Amino acid sequence: GAAPVGLELSAGVGVDRVDGEGLATLTPRLGLKTETLSLLLAPPLRLLLFSPAGEFGMRDRDWDQRSEWLRPLEHLAYRSSGGDLVATSSGSRGLTVGRGAIVDGYRSALLADHHRTGVHVFGRRGPLELELFGHDVTSWQVFAARMALRPFGGERPPETGIGSLTLAIDAAADRNVAEAAPSATAAVRRSSLAIAATELRLGVYRGERLAVATWLTGGVSSHGTAFGAGVEAGVTLGWLARDQRHRLLELSLAPGWADGSYLPARFDAGYEASRDLLGATLAELGEAGLGAGVRARLRLEPVAGVVLRGGLRSYPLAASVGRSLDTYEAAIAMRDLFADAPGGGLQAEFGWLRLPGGMNLLAGGASWALWPQLRAGVRVARALHQATPDATPRPTWDLGFWVVVGLPAR
C-alpha cells in the first residue's frame, strides 16, 4: 500500500523585541511528512505594538521584499530511501559545505527586515559526492558547489580510518559585493567576488580510542581588481567514546598563509551581516597582505547529545589595515537532553562569533517539549557592530518567547 503521510497542525504565539520594536506574533503551522519528504509551512503574522516612531499595526516590513515572500516556507526536505540524494530548503538554518573550506556555518543576515530562503543539495554515487548551495532562491546572488572524490570509501569526515582519502574542489561566488570607493565622496562600486579551493584529507591512524587525520587546503580568490591566495595544512585529533559511536574530543590545528582578498572571502556565519563592509576590508587587505597565521578548532561531546565548539583564526595585524583580523567563535548545542522527560526533552543551540572590524554576533534558541502537543521556547539574535575603534557601537537585537500548541496526528 501507499506510504503513510504524517500530518501536524499547530499554532504558535509569542512576543518579540526587534531593534527597539515590540511585536506580538501568531504563527499557524502545517507539517506534512512521508518516508522521503517533509514540509513545514509557518507564515508569521507579526503585530507591531510599539516602536520608537509610535507605529502600531501589522508589520508590513516583513513582506516588502521579494525574498520575503517565501517566509511561510520554514522547512522543505527530500531524502531518497538510500540517503544518496538529500535536498533541503530553509530560511533559518546555518550551513557548512563539506568541511568548511569556503562555506562555513553560513547564515542569513541577523536583521529583522531581511529574510532569505536558501537551498542545499547533496548527492552521492559510488565514490563521488556533489553539493550545491544557494543562499536566496529568489536571486541566487551567493551560491557554492563542491565536488569530492572518496576512492576508498571509509569513514565520513573527519577521515580517521587508515587509508581513507578525500579529494575535493570547492567554489563559491557572490555576484554583488561592495568595493572600496576611491574617495569618501565617490559612489561605492560593486562587483562579483569568487573563491575556489582544493582539499586533500587523509586518515593516518585509527586506534581503539584515538584517531588522527591530516589535511591540506589551498585556494585563490578575486574581487574586482583585487586577487588573493591562501593555503592551510593541519592535523585533526579525535578521542573516541568507548563505544566509538561519537567523539568525546576533536582538535584541529592548522598553520596557514594568506594574501590579498582570500581570507575574508570565506562565507561564514557573519559574512552576510558584514557584506556591505566587506569591500573596504578586501581592498585594504589586498594592499597590505596578510602573511602567516593559525586556525584552531575544538569540539567536545562529553555526553551524547551535548556538543561544545570553539575556534579562532588569527593573522598578524598589518599596519595599513588598522584593525584586528582575529576571528573567534564559540557554540553549544543540545539535542534531546532529558529525553525521558514528558514530551521528549530539551533542544537548544547558541553561538557567538567575533569578526574582523569589531562585529560581534550572538544567535540561538532553546525549546522544551512539555508534552507532545505543547512546546515552549526562547530565541535570541544580537549583532553589535563597531566599524572603527572610536565609533559608537550600534546594537541590533531580536529577543523572542513563544509557545506552540498543536494536535499532531500519527
Side-chain angles (χ1 to χ4, degrees), residues 94-107 118-124 127-136 139-151 157-159 165-179 190-202 214-234 252 254-272 274-275 278-279 281-287 289-293 295 297 313 315 325 327 355-356:
L95 177 67
T96 296
V97 174
R99 290 286 285 173
I102 299 178
V103 180
D104 188 8
Y106 185 98
R107 289 183 181 273
V119 63
H120 178 227
V121 179
F122 171 83
R124 177 176 57 233
L128 186 65
E129 296 177 353
L130 178 66
E131 287 185 74
L132 302 173
F133 160 66
H135 94 302
D136 182 358
S139 69
W140 301 105
Q141 290 197 29
V142 178
F143 48 91
R146 170 183 169 89
M147 185 171 64
L149 180 65
R150 298 165 49 81
E159 295 79 356
L165 173 69
T166 297
L167 299 170
I169 299 176
D170 294 38
D174 186 336
R175 298 194 297 113
N176 192 27
V177 180
E179 290 188 63
R190 307 188 75 88
S191 62
S192 297
L193 181 150
I195 181 171
T198 59
E199 264 187 281
L200 169 63
R201 294 184 178 271
L202 177 66
T214 60
W215 53 276
L216 174 69
T217 301
V220 295
S221 66
S222 68
H223 178 228
T225 58
F227 293 89
V231 63
E232 286 183 344
S252 179
W257 171 88
D259 185 73
S261 60
Y262 177 72
L263 178 69
R266 282 187 175 145
F267 299 162
D268 57 19
Y271 172 80
E272 192 167 315
S274 60
R275 218 168 155 221
L278 186 65
T281 302
L282 287 173
E284 293 169 348
L285 295 180
E287 297 174 358
L290 287 170
R295 183 162 69 132
R297 286 187 170 180
R313 187 175 64 206
Y315 278 81
L325 303 180
T327 299
L355 296 172

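Just so you know, these numbers come straight off a predicted model, no measurement behind them. Start at 1 with the first residue, then count along the sequence.
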TODO: Measure the spacing between CZ of Arg99 and OG of Ser252 and express it to the nearest 0.5 Å.
DONE: 7.0 Å
Open item on the list: Set out, in order, the CA-CA distance, both residues' side-chain angles and the distance that settles side-chain contact (heavy atoms from CB on, under 4.5 Å) for Leu216 and Val231, then state yes or no.
Closed with: CA-CA 8 Å; Leu216 174 69; Val231 63; 3.9 Å; yes
Task: Spacing of CH2 belonging to Trp257 relative to CD belonging to Glu232, to within rounding of 0.5 Å - done: 12.5 Å
Open item on the list: Pairing donors with acceptors under 3.5 angstrom, does anything connect the side chains of His120 and Glu131?
Closed with: yes
Task: 4.5 Å side-chain heavy-atom contact, Phe143 and Val119 - done: no
Task: Separation of Phe122 CZ from Leu132 CG (nearest 0.5 Å) - done: 11.0 Å
- [ ] Kindly give the heavy-atom pair with the smallest separation between Pro255 and Ala233, and that separation in Å.
- [x] CD-O, 3.1 Å
TODO: Using the side-chain contact (heavy atoms from CB on, under 4.5 Å) rule, take Glu199 and Asp170 through it: C-alpha gap first, then chi angles, then the decisive distance, then the call.
DONE: CA-CA 8 Å; Glu199 264 187 281; Asp170 294 38; 3.6 Å; yes
Task: Nearest non-hydrogen partners of Ala197 and Ile102, listed with the distance - done: N-CD1, 3.9 Å
TODO: Would you please name every residue forming a side chain to side chain contact (heavy atoms under 4.5 Å, CB included) with Ala148, sequence neighbours left out?
DONE: Glu129, Arg146, Thr166, Ala168
Task: Gap separating the CG atom of Leu130 from the CZ atom of Arg124, nearest 0.5 angstrom - done: 12.5 Å
Open item on the list: Suppose we screen for side chain to side chain contact (heavy atoms under 4.5 Å, CB included). Which residues come up paired with Val220, at least two apart in sequence or across chains?
Closed with: Ala229
Open item on the list: With heavy-atom distances below 4.5 Å as the criterion, would you say the side chains of Val97 and Phe267 are in contact?
Closed with: no
Open item on the list: What I'd like to find out is whether the side chain of Leu200 reaches to under 4.5 Å of the side chain of Leu165, using heavy atoms alone.
Closed with: yes
Task: Leu202 CG to Leu167 CG distance, which is reported to the nearest 0.5 Å - done: 9.5 Å
Open item on the list: If I compare all heavy atoms of Thr217 with all of Ala101, which pair ends up nearest, and what's the gap?
Closed with: CG2-CB, 4.1 Å
Open item on the list: Using the side chain to side chain contact (heavy atoms under 4.5 Å, CB included) criterion, which residues pair with Asp104? Sequence neighbours excluded.
Closed with: Thr96, Arg295, Arg297
